Each structure stands twice: as structure tokens, then as C-alpha cells.
2 protein chains.
Amino acid sequence: MATHDADPTRVLKGRDDTTCRVREVLDRVGSKWSLTVIHELGPGTRRFTEIKDAVPGISQRMLTETLRLLERDGLISRTVHPVVPPRVDYELTPLGRTLLDTVRTLLDWALTHIDDIDKARDAYDTRT
Amino acid sequence: MATHDADPTRVLKGRDDTTCRVREVLDRVGSKWSLTVIHELGPGTRRFTEIKDAVPGISQRMLTETLRLLERDGLISRTVHPVVPPRVDYELTPLGRTLLDTVRTLLDWALTHIDDIDKARDAYDTRT
DNA sequence: CGGAATCCTCGTGGATACTG
DNA sequence: CAGTATCCACGAGGATTCCG
């Protein structure tokens, strides 16, 4: 297994370890804040507070945890500068950058079809 | 606003309604079971119990709710056959089918980089 | 078969206070 | 500034039961 599968239509079909790992990765990537944080680091390096301010609604705790998980997965890097006051920089790794492209595909889909979804919801809500 | 944005790198930057809507769509699409269910309907129409059996770990309640939300968003259609015993068929709408392509991009990414992530995790866990 | 309703648990995550 | 630690509320969601 391991590398690239020619038929992505089957990756969720089985119940083996690979399947579970893919689900695991999707859970990480699809979690509430990960996509937003990754996207926020797209343009370049940013500090903790900068990210916090840029992501409305995220708490200190959640940002810390999200950054840690993404760092553990090798998607972002964390650089601590031994100065006072402390300064910590976060940036996408090359691996994280490949995900950024995929994320943009998703964002693009959302933007493109958001109106269709709105109409579908209105129709559903009125006929019930 | 509304239709297609030429620069997807900015869609999450602002704090206006459009931004929130995109986040909302991503929350829906990225929720725990949605991607799996959509993927499961990729090959064609399926019944409630078929989907339940095909998605390991999902509960009756969660499958019902996931299907309802996806139906409300216009991504899947629900067809009740007035027979006994009851029979309900679910299938992707044309809109849902466009998302399927995007989902496959994500799955493809996960499959391609799952090994890199594993290595990154091991490295992180050992150096801490 | 395909749900809806009820109950109850358990983890997520916010608020707050403290620290190097 | 960039966290960590503690407490606690709330809601997601599992298990179970009942129904058309």
C-alpha cells in the first residue's frame, strides 16, 4: 500500500488499517479549525497572536491545540525565538503547502456552490 | 458576491457574511460522516441499511441526521417507496456529484501523503 | 425496514487565572 | 507574548425502545 492509489473511489470501501488511517487524516484535516489555520498560513509566516486575531471565534486553547496537531503531522513548523517578549513563528512546511492546494479546491467548491446550497435549504425548509 | 471568486486565497480572510457561509459549508462537508456517506453514494443509489452497513461505526441516529442535512443542502435526494416493508433510496444529486469530485481530490491527497504524516508523527513523538 | 423519541453519558472546548 | 493548568457547562452522540 502506502503511496498513490490509482482508484480513489475505493479507498473508503474496505475496513482495513489503510482505510482507518485515511479516515483519521480526513478527521484531522476536516476538523473545525485546521483548514482555516492552514489557509491563514498560506501567504507566509505568522505569529501566534496574528493567527488568533485573524481567525474569528477561535480560543487560545483551541489555537494552541490545532497548531500542535498540525505540527505533529508535519504540516506546519514552529520556530521559537529566544527573545523577550517571546516570539513564535508558524509557517507551512512543503508538505503543508501541498495540502493548501487541495484546501483551495475545497474552498473554491464552497464559493462556487454556496448559492445552490442556499436555495436547496430554503426549498427544503418551506416544504416541511 | 455569490458566484465564483477568482482568488480563493482570500475567501477566509474577511469577516463578512460570505466568509461565515463558506465556513458553514466547510463545517457541513467536513463533518465526521458526510464525506464518507457522499463517497459511499458515489457508485449509485443505495438504501438506508446498505449505507449503514457500509460505513463502519456510524449509528442509526447519526446516519439519519447526516442524510437529512445532506438532503437539505441539496447534495443527495431521498426517495420513499410506498411498499411494505418500507424502502427508501438515497442518491447523489447533480450538485452532490460535483462535490464528489472534490472529495476524491481530498481522499487522493490523504492517500498520497499518509506515509509522510506517519513519519512526521513518529519524529514528533520521539523528540518530545 | 427506516426511522422518531427518550435518556444519559462523556468529551469538547470556553472562561479564567497563572507563568516563563 | 505565548502559552499551561484547572474547572466546568453544554451539547454531540451512543444505547435503547417504540412505531408506521
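Letters A, B, ... are given to chains in the order of the sequence lines, protein chains preceding strands, and every chain is numbered from 1. In this text, all values refer to a predicted model and were calculated from it rather than measured experimentally.
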**Q** Hey, could you give me each pair passing salt bridge (Lys or Arg N to Asp or Glu O under 4.0 Å) that has a residue in residues 74-85 of chain A? Not counting sequence neighbours.
**A**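 Residue pairs with at least one partner in residues 74-85 of chain A: there are none.
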**Q** Does A:Thr49 place a side-chain N or O at less than 4.0 Å from the phosphate oxygens OP1/OP2 of D:dC1?
**A**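 The answer is no; no side-chain N or O of A:Thr49 sits under 4.0 Å from OP1 or OP2.
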**Q** Give me the atom names and distance for the closest heavy-atom approach of B:Ile76 to B:Leu67.
**A**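 B:Ile76 and B:Leu67 have their closest heavy atoms at CD1-O, 3.4 Å.
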**Q** From the 5' end of DNA chain C to its 3' end, which nucleotides mark the outer limits of contact with chain B, defined by a 4.0 Å heavy-atom distance cut-off (strictly under)?
**A**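 First and last nucleotides in contact are C:dC1 to C:dT6.
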**Q** Once side-chain hydrogen bond (donor to acceptor under 3.5 Å, both in side chains) is applied, do any residues pair with B:Thr98, and if so which ones, sequence neighbours excluded?
**A**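 With neighbours one apart ignored, the set is A:Trp109.
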**Q** For residues 85-95 of chain A, which residue pairs pass the salt bridge (Lys or Arg N to Asp or Glu O under 4.0 Å) check, not counting sequence neighbours?
**A**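 Qualifying pairs, neighbours excluded: A:Arg87-A:Asp89.
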**Q** Which pairs count as ring-ring contact (aromatic ring centres under 6.0 Å, His included) when at least one residue sits in residues 48-106 of chain A, sequence neighbours excluded?
**A**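 Found none.
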**Q** Could you work out, with side-chain hydrogen bond (donor to acceptor under 3.5 Å, both in side chains) as the rule, every residue matching A:Asp116, not counting sequence neighbours?
**A**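 Partners of A:Asp116 under the side-chain hydrogen bond (donor to acceptor under 3.5 Å, both in side chains) test: A:His113.
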**Q** Under a 4.5 Å cut-off applied to non-hydrogen side-chain atoms, are B:Asp122 and B:Lys119 in contact?
**A**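 No; the side chains remain at least 4.5 Å from each other.
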**Q** Do B:Leu92 and B:Leu99 have side chains that approach each other closer than 4.5 Å (heavy atoms only, starting at C-beta)?
**A**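 Counting from C-beta outward, B:Leu92 and B:Leu99 never come under 4.5 Å.
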**Q** Determine to 10° how strongly the helix from C:dC1-D:dG20 to C:dG20-D:dC1 is bent, judged from the axes of its five-pair ends.
**A**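 Angle reported: 50°, given to the nearest ten degrees.
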**Q** Work out which heavy atom in B:Val103 is nearest to a heavy atom in B:Leu35; give both atom names and the distance.
**A**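 Closest pair (atom of B:Val103, atom of B:Leu35, distance): CG2-CD2, 3.3 Å.
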**Q** Please report the interatomic distance CG(A:Leu106) to CG(A:Asp101), rounded to the nearest 0.5 Å.
**A**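 Separation between the atoms: 12.5 Å.
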**Q** Listed in order of residue number, which residues of residues 66-78 of chain A have a non-hydrogen atom at under 4.0 Å from DNA chain D?
**A**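 Going residue by residue through residues 66-78 of chain A, the ones with a heavy atom under 4.0 Å of DNA chain D turn out to be A:Arg68, A:Arg78.
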**Q** Might you point out which heavy atoms bring A:Arg46 and A:Ala54 nearest each other, and give the distance in Å?
**A**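 For A:Arg46 versus A:Ala54, the nearest heavy atoms are NH1-CB, 3.9 Å.
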**Q** Does the protein touch nucleotides 8-19 of chain D at the base, only the backbone, or not at all? Give it as B, S and - per nucleotide, heavy atoms under 4.0 Å.
**A** -----BBB----
**Q** Tell me, which of residues 79-90 of chain B have any heavy atom that sits under 4.0 Å from an atom in DNA chain C?
**A**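 When residues 79-90 of chain B is checked for heavy atoms under 4.0 Å from DNA chain C, the hits, listed by number, are B:Pro85, B:Pro86, B:Val88, B:Tyr90.
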**Q** For A:Leu100 versus A:Gly42, what's the shortest heavy-atom pair and its separation?
**A**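 Closest approach of A:Leu100 to A:Gly42, heavy atoms only: CD2-CA, 3.6 Å.
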**Q** My understanding is that only residues two or more places apart in sequence, or in another chain, count here; which of them pass side-chain contact (heavy atoms from CB on, under 4.5 Å) with B:Leu69?
**A**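 With sequence neighbours excluded, B:Leu69 shows a side-chain contact (heavy atoms from CB on, under 4.5 Å) to B:Arg28, B:Glu65, given in chain and number order.
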**Q** Residues in side-chain contact (heavy atoms from CB on, under 4.5 Å) with A:Thr93, at least two apart?
**A**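 Only A:Ser77, A:Leu95 meet the side-chain contact (heavy atoms from CB on, under 4.5 Å) criterion with A:Thr93.
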**Q** Could you walk me through whether B:Arg68 and A:Tyr124 pass the side chain to side chain contact (heavy atoms under 4.5 Å, CB included) check?
**A** CA-CA 10 Å; B:Arg68 286 289 185 280; A:Tyr124 183 93; 3.6 Å; yes
